[in-house]
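Just the heavy atoms: all of them, side chains too, but no hydrogens, waters or symmetry mates, feed the values below.
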2 protein chains.
Amino acid sequence: MFGAGADQHAGMDSALQTAEPPARGRLQYLVVRDSLAEEIARGTLKPGARLPSERSLQVTLGVYRGTVREALFQLEAEGLIYRKERSGWYVAPPRVTYDPSRPEGFTAWVAAQGRVPQTETLSKERVEASELVAPILGVRPGAPTFFVRRRRHIDGRACLVEHISLNPKLFPGLLERDLDVSLTGVMRRDYGRVVTRAEVSMYPCALTGAQAEDLRVKSGTPGLCLIRTCFDAAGAVLEYDQEFWRHDIIRISLAVAMQA
Amino acid sequence: MFGAGADQHAGMDSALQTAEPPARGRLQYLVVRDSLAEEIARGTLKPGARLPSERSLQVTLGVYRGTVREALFQLEAEGLIYRKERSGWYVAPPRVTYDPSRPEGFTAWVAAQGRVPQTETLSKERVEASELVAPILGVRPGAPTFFVRRRRHIDGRACLVEHISLNPKLFPGLLERDLDVSLTGVMRRDYGRVVTRAEVSMYPCALTGAQAEDLRVKSGTPGLCLIRTCFDAAGAVLEYDQEFWRHDIIRISLAVAMQA
DNA sequence: GAGTGGTCTAGACCACCTT
DNA sequence: AGGTGGTCTAGACCACTCA
C-alpha cells in the first residue's frame, strides 16, 4: 500500500496507465475527465449511451470514487453527460436551439430539429395574484389569476418546467381546456389573441426544491431560468412565463436589431 | 463515538443544533445550505462579505468538511456565493443586466447600473482564419485575421473573457490602438463602421482550461457562453465575439418583436 | 509561516431504480 | 435482490494566498 497522499498529485507518471504528456492533465480528476470526454468526442460513447458505473470506473482507473465523481461532475457541468438519479450516467444528446423571436410553439420548433417533443400539464389552478405577478399582469395583488405548471420533454427526457400566469379576464374558461398543447396556438385560435412582442430575460441558475423534483434532478443541478412576458399588438400582457431549463439541453439563438 | 452512518441521515433530530422542523432540510448539506442562504437573505452576510472558513463551519455545525463543501457548492451554483481560489468564499453581489440589443458598450452599461467596469487586453495578434471563423468573417481559411483576447471586470472582479475575431481589411491598424475601451466605439469613430444588427447565441457551459485560468476560477465552474456576430447596415461582418461569463454575474434581458 | 481551499484516500450506510 | 448513485465520516497532504 502507498501512504495517503504520497504521490497523490500526479505530475509524475502515476496517474493513469494511458501514457500522456499531461500538459494540463496533472490533476487526476482532470485526466479522468479528459479521457472520458475524448471517448465521447471520438464516438466510442454515443449520445444516450450509459457510462460504466462509478465503482467500475474506480477499479478500471485505479482512483478512489470521489475522484471519479469529480470528473463526472465536470462533464455534467460541460453538458457532455447527465445523470438519471440512482440509475447511472449517460452521454448527453446535442442541444436544441431556441429562438425566442419565432412565433412557433415548443412542439413545432423541437420537431423541426428532428427531436420528439412532449408536454405534460402538472397543474392548473386559480390563485391570487402575488405582489410580483400582479403589476405585470395589470391586476391588483390578490386578484384572481390562472396559474399553470407544465413539464416538457425532448426525446422522452424532462428538460424544463414552466410556470405560467395569465389574466383570467382575457382567457375565460382556459383552465377547462387541454393545455398539453401550444398555449400561443390556443390563444390565437380560441381567443383571437396574438403575441407580437415579448420581453425576455434569462440567467444561469440552480435547479432546487420543487423545480429539481419536477425535473427529477438532484437539487443544485445547474439550470437556465428564462422569463418571458408576452404582449399583443395592443400592449396587453397575454402571458407571464417562467421556464426552468436543464442547463445542458438548450442554446438560445436570435437576431437582434440594434436600437438607435 | 457514534458508528459511521448510524444516524448520518438526519430526519431524527441529530443534524444541527438549530431546532428546525426540516420539511425539506432532511439532508445535512441542505440544512447547512439553507441556513447559510437565510443569513445571506436576511442580510447578516452582506454582498462581498467573507464566509467563515470551511474548517470553522465544520466545527460550528458539527459536520464533516465534505458536507460543508457540498452546501457551499450548491450556493455557488445558485449564484449566491463565489470563491476566490484558495482565499475563501464570499457573498456574491447582485447580477448586472445585459441587453444585447443596446448599442452601448460594456463600460457604459455597467457604469449605468452603478457598478465599476474595467477592461484589460490580454493579447492582440494576427492569426490565420480557422475553418470555423473564416466563413463567418467572409475570408478564406488561412487568411490573416485579427484576434483579440480581453478580460473584463466588474467592481474589481474578473467576470468574463472574450475572444474577438475581425477582418483586417475593414480595420487596418486596429491592433496598434488601445483596445481597453469600447470596441464598437473605436469602430464607429475611427473607421466609420456602425453595428446595426447582431446574431446572438448563448448557452450554459463550464469554464475550463484557458478560460478558467484567465478568470482565475476552478476548472469546471459553471459559466455562460455568449457568441455574437455583429453586422453593419451593408451586411458586412464587423466582429465575431465569443464571451465566456461567470455564471453568477449576469442576466440577459431584451425585448423581441415576433417574426411574422 | 499560518491559514485557506483543493485534492485524494478508504472506508460506510442509505434510498432508490432495475431486474 | 442486487446494483446504482447519494450522502457521510475521518483522516491526509498539497498549492496557493495573505499578512
Worksheet item: Do any side-chain nitrogens or oxygens of A/Ser87 fall under 4.0 Å of OP1 or OP2 in D/dG5?
Response: no
Worksheet item: Does A/Lys84 make a side-chain N or O approach to OP1 or OP2 of D/dT4 shorter than 4.0 Å?
Response: no
Worksheet item: Between D/dC8 and B/Tyr29, is there an OP1 or OP2 to side-chain N/O distance shorter than 4.0 Å?
Response: no
Worksheet item: If you take atom types as modelled and just measure distance, does the side chain of B/Arg55 reach the base of C/dG5 with a donor-acceptor pair under 3.5 Å?
Response: yes
Discussion item. Please determine whether a side-chain nitrogen of the Lys or Arg among A/Arg228 and A/Asp241 lies less than 4.0 Å from a carboxylate oxygen of the Asp or Glu.
Written reply: yes
Worksheet item: Among the nucleotides D/dG6, C/dG6, D/dT4, which one has an atom lying closest to any side-chain atom of A/Glu54?
Response: D/dG6
Discussion item. Classify B/Gly66 by what it touches in the nucleic acid, base, sugar-phosphate, or nothing, heavy-atom distance under 4.0 Å.
Written reply: nothing
Practice prompt. Check the distance between D/dC18's P and B/Glu85's CD and give it to me in whole angstrom.
Written response: 11 Å
Item to complete: Between D/dT7, C/dC8, D/dC8, spot the one nearest the side chain of B/Gln28, thanks.
Response: D/dC8
Worksheet item: Is any side-chain nitrogen or oxygen of B/Ser53 closer than 4.0 Å to OP1 or OP2 of C/dT4?
Response: yes
Discussion item. Counting the atoms with a prime plus P, OP1 and OP2 as sugar-phosphate, which does B/Arg216 contact under 4.0 Å by heavy atoms, base, sugar-phosphate, or nothing?
Written reply: nothing
Worksheet item: Are B/Glu54 and B/Arg69 ion-paired here, with the side-chain N under 4.0 Å from a carboxylate O?
Response: yes
Worksheet item: Reckon A/Arg83 touches a base, only the sugar-phosphate, or nothing at all at heavy-atom distances under 4.0 Å?
Response: sugar-phosphate
Item to complete: Provide, to the nearest angstrom, the distance between the CZ atom belonging to B/Arg65 and the C1' atom belonging to C/dG3.
Response: 11 Å
Worksheet item: Looking only at N and O atoms, is any donor in the side chain of A/Arg69 or the base of D/dG5 less than 3.5 Å from an acceptor on the other one?
Response: no
Fill in: Cation over ring face, B/Lys124 and B/Phe146, 6.0 Å, 45°
no
